[in-house]
Amino acid sequence: MSTPQRHEFQAEVKQLLDLMVHSLYSNKDIFLRELISNASDAIDKLRFEQQKQPELAGAAGAPRIELAADREARTLTLRDTGIGMSRDEVVKNIGTIARSGTKEFLTTVKTAGQGEVPPELIGQFGVGFYSAFMVASKVTLVTRRAGEDHATRWESTGDGAYTLEEAERDAPGTTITLHLLAADEEHGVRDYTNPVVLREIVKRYSDFVAYPIQLGDETLNSQKAIWDRPRAEVTDAEYHEFYRHISHDWAAPLRTIPVRMEGTLEAYALLYLPAKAPFDLYSPEMKRGLQLYVKRVFVMDECRDLMPPHLRFVKGVVDAHDLSLNVSREILQKDRQIQVIRKQLVKKVMATLDELKRDAASDYLGFWAEFGPALKEGLLAPDADKDRLLDLVLAASSEQPGELTSLADYVARMKDGQDAIYFLTGASKEQVARSPLLETFRARGIEVLLFADPVDELWLEAAPTFQGKPLRSIAHGEVALGSEDERKQAAEALEQQQRAHGDLLACLRVHLQEEVKEVRLSSRLTSSVACLVSDEHDMTPRMQRLLEQLGQAPGKVKRILELNPSHPLFARLQAVFAEHRDDPRLAHHARLLLGQAHLAETGQVPDPDAFAHALTEVMLRSL
Ligand code: ADP
């Protein structure tokens with residue numbers, strides 16, 4: 001036997017070790033995840049080499065990872081039947097850092113300033129073998145490379161140097177012994193000789209590792225990577241149980257979506273559409289994102305980069321085989337593989353929603369009621385496929401109250417010559433359905449889509465088109481319906497009336513000048529006398545309120561008051577005006593017309609005192 005030789009760690013390793021030893025990171029349990037995952041990788045590698053060198057087969061026995069704890073000696077030992085390492089490999093792998101990820105990690109830490117390392121960083125990053133020094137004062141590793149007959153013993157107390165010497169090991173593989181620090185719950189160091197603790201950690205982080213993790217006779221992990229198994233072999237009950245496990249949702253999911261990506265990139269996913277929206281779907285604090293595994297080893301919860309925000313209700317796991325375990329959230333954001341996986345997952349979810357809408361209408365209605373507003377947020381996202389999202393949109397319609405229609409069905413029902421998809425937004429479906437703005441559309445049998453979610457104000461504002469047809473607000477600008485000739489005639493007739501009554505309209509406008517920018521005649525109304533509309537490019541009042549709620553002050557936008565020229569009340573106003581232009585009643589009537597228009601729009605008048613005063617005056621005079 002040779003005497004132990006002392007070696008210095010590479011500078012970066014020293015930094016990393018220093019970080020581990022002095023780590024404030026509270027979740028020190030992850031060291032076990034790291035060591036188990038190394039062991040599992042080593043077994044993978046051996047199996048791979050066995051294919052080329054069958055003589056290696058059987059040398060290490062059945063693949064497994066054994067844990068052994070010694071309460072008295074305060075040691076925890078991990079023994080694997082993996083490929084092991086030669087002496088050179090030990091020096092290369094456990095004395096230097098080759099991985100780019102670790103270098104980046106160290107730079108991040110350095111720029112963050114020593115001692116100010118955000119504790120989560122360590123856990124998110126995963127720091128492999130060296131994390132053992134978070135819980136151990138000394139680590140001993142005995143390893144024998146498959147195909148070689150001697151072993152190497154490596155030992156370090158994490159203080160900048162390690163020793164190497166020749167050793168014995170009865171079979172290829174690696175044995176790591178941790179000389180544990182005293183348990184210190186306050187600093188996250190638990191008693192890692194306690195079977196209860198070990199069982200719990202393995203269950204949490206390594207349950208799906210493909211090889212048995214044993215503690216004595218007991219196998220701690222289920223080894224079942226449900227996402228790896230072909231759909232036909234997994235029962236619905238198993239899928240649902242797994243859903244419950246990851247989502248803590250007692251209800252069964254609406255749909256289960258297994259995803260397999262093979263070829264240039266290997267990844268498996270198991271996604272779920274929940275049946276019910278979580279209470280905090282619209283809260284920034286919502287727990288969202290997918291669980292990320294790398295080859296069945298748990299890497300992180302709530303990985304947001306795998307699903308865009310408008311699909312944040314999707315639950316599930318992703319197992320990306322080609323990703324490094326040592327990946328931070330910061331790195332994930334830029335990772336090209338993650339981008340590719342995300343794209344595929346989005347495609348799968350969208351295809352599932354398409355299918356649901358096509359083949360399971362009542363399920364889709366349920367889905368839409370729960371998640372429609374969130375999904376519509378995608379119409380505002382720069383990178384979302386808007387056409388596909390528009391295909392999924394459902395809306396109430398002026399012609400079929402109480403039912404929802406898709407845009408495609410709306411287009412199929414469009415009248416000859418109709419060149420736009422008409423819509424109206426408001427605070428509730430009921431309120432919108434009562435709007436006087438719908439009168440002329442109803443009279444002509446032209447359908448108007450009714451939108452009432454706050455997000456609708458935003459995406460519709462961006463003037464989308466569907467199947468080449470623009471979506472046009474009936475509350476903005478002028479409306480022109482009918483054939484080209486009809487429109488021309490109507491416009492001319494209105495223009496003429498407008499001129500004829502110009503003085504009256506101007507007089508009413510003067511009485512309301514604080515509130516409205518214009519009083520004009522309307523082509524929208526058949527039974528009501530007045531309505532409010534917005535100028536072509538002005539924002540809707542609801543949008544204005546939404547912005548105010550967000551703490552922005554968009555400034556007051558004046559509306560346009562439109563009057564129905566064929567209403568008998570308008571004829572009376574004209575008569576009064578013709579007789580006596582300064583008739584004081586005109587001011588009160590102007591106020592009441594505006595109030596009515598507000599009531600029809602929102603059920604409220606913005607200035608109840610002024611409205612009540614005008615009403616009292618008019619009542620007095622009429623008695
Ligand atoms: P990572 O596993 O992310 O590469 P580690 O610091 O955990 O980083 O390990 C460094 C390297 O040491 C591994 O890539 C592997 O080659 C080797 N190694 C670690 N543990 C084992 C083991 N149990 N058996 C064989 N090789 C191992």
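In each ligand, atom 1 is the first atom listed, and ligand 1 is the first ligand listed. The chain is numbered in sequence order, starting from 1. All values below were derived from every heavy atom in this structure, side-chain atoms included, with hydrogens, water molecules and symmetry-related copies excluded.
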Q. What pairs with Ala210 under side chain to side chain contact (heavy atoms under 4.5 Å, CB included), at least two apart in sequence or on another chain?
A.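 Once residues adjacent in sequence are excluded, the partners of Ala210 under the side chain to side chain contact (heavy atoms under 4.5 Å, CB included) criterion are Arg296.
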Q) Should the pair Phe133 and Phe129 be assigned to parallel (<30°), tilted (30 to 60°) or perpendicular (>60°) ring geometry? A)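 Aromatic pair Phe133/Phe129 classed perpendicular.
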Q. Met85: heavy atom below 4.0 Å from ligand 1, yes or no?
A. yes
Q. With a 4.0 Å heavy-atom cut-off (strictly under), which part of Thr143 contacts ligand 1: side chain, backbone, both or neither?
A.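 It is neither; nothing of Thr143 touches ligand 1.
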(Q) Heavy atoms only, cut-off 4.0 Å: how does Lys45 contact ligand 1, side chain, backbone, both, or neither? (A) side chain
Q. Which ligand 1 atoms are under 4.0 Å away from a heavy-atom of Thr174?
A.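 Taking each heavy atom of Thr174 in turn, ligand 1 has 22 (C), 23 (N), 24 (N), 25 (C) under 4.0 Å.
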Q: Identify, by atom number and element, the atoms of ligand 1 in contact range of Ile94, meaning under 4.0 Å from any of its heavy atoms.
A: 12 (O)
Q: Kindly say whether the aromatic ring centers of Tyr192 and Phe31 come within a distance under 6.0 Å.
A: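 Distance test on ring centres: under 6.0 Å, yes.
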Q: State plainly whether the residues Arg312 and Glu377 are in salt-bridge range, i.e. N to O under 4.0 Å.
A: yes
**Q.** Arg255 bridged to Asp363 by N-O distance under 4.0 Å
**A.** yes
Q. What about Phe129: any of its N or O atoms under 3.5 Å from an N or O on ligand 1?
A. yes
Q.
Using a plain distance cutoff, I'd like to know if Asn38 has any nitrogen or oxygen under 3.5 Å from a nitrogen or oxygen of ligand 1.
A.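 In this structure, Asn38 places an N or O atom under 3.5 Å from an N or O of ligand 1.
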**Q.** Passing candidate, ring pair (Phe, Tyr, Trp, His ring centres under 6.0 Å) with Trp227, options Tyr293, Tyr243, Tyr268
**A.** Tyr293
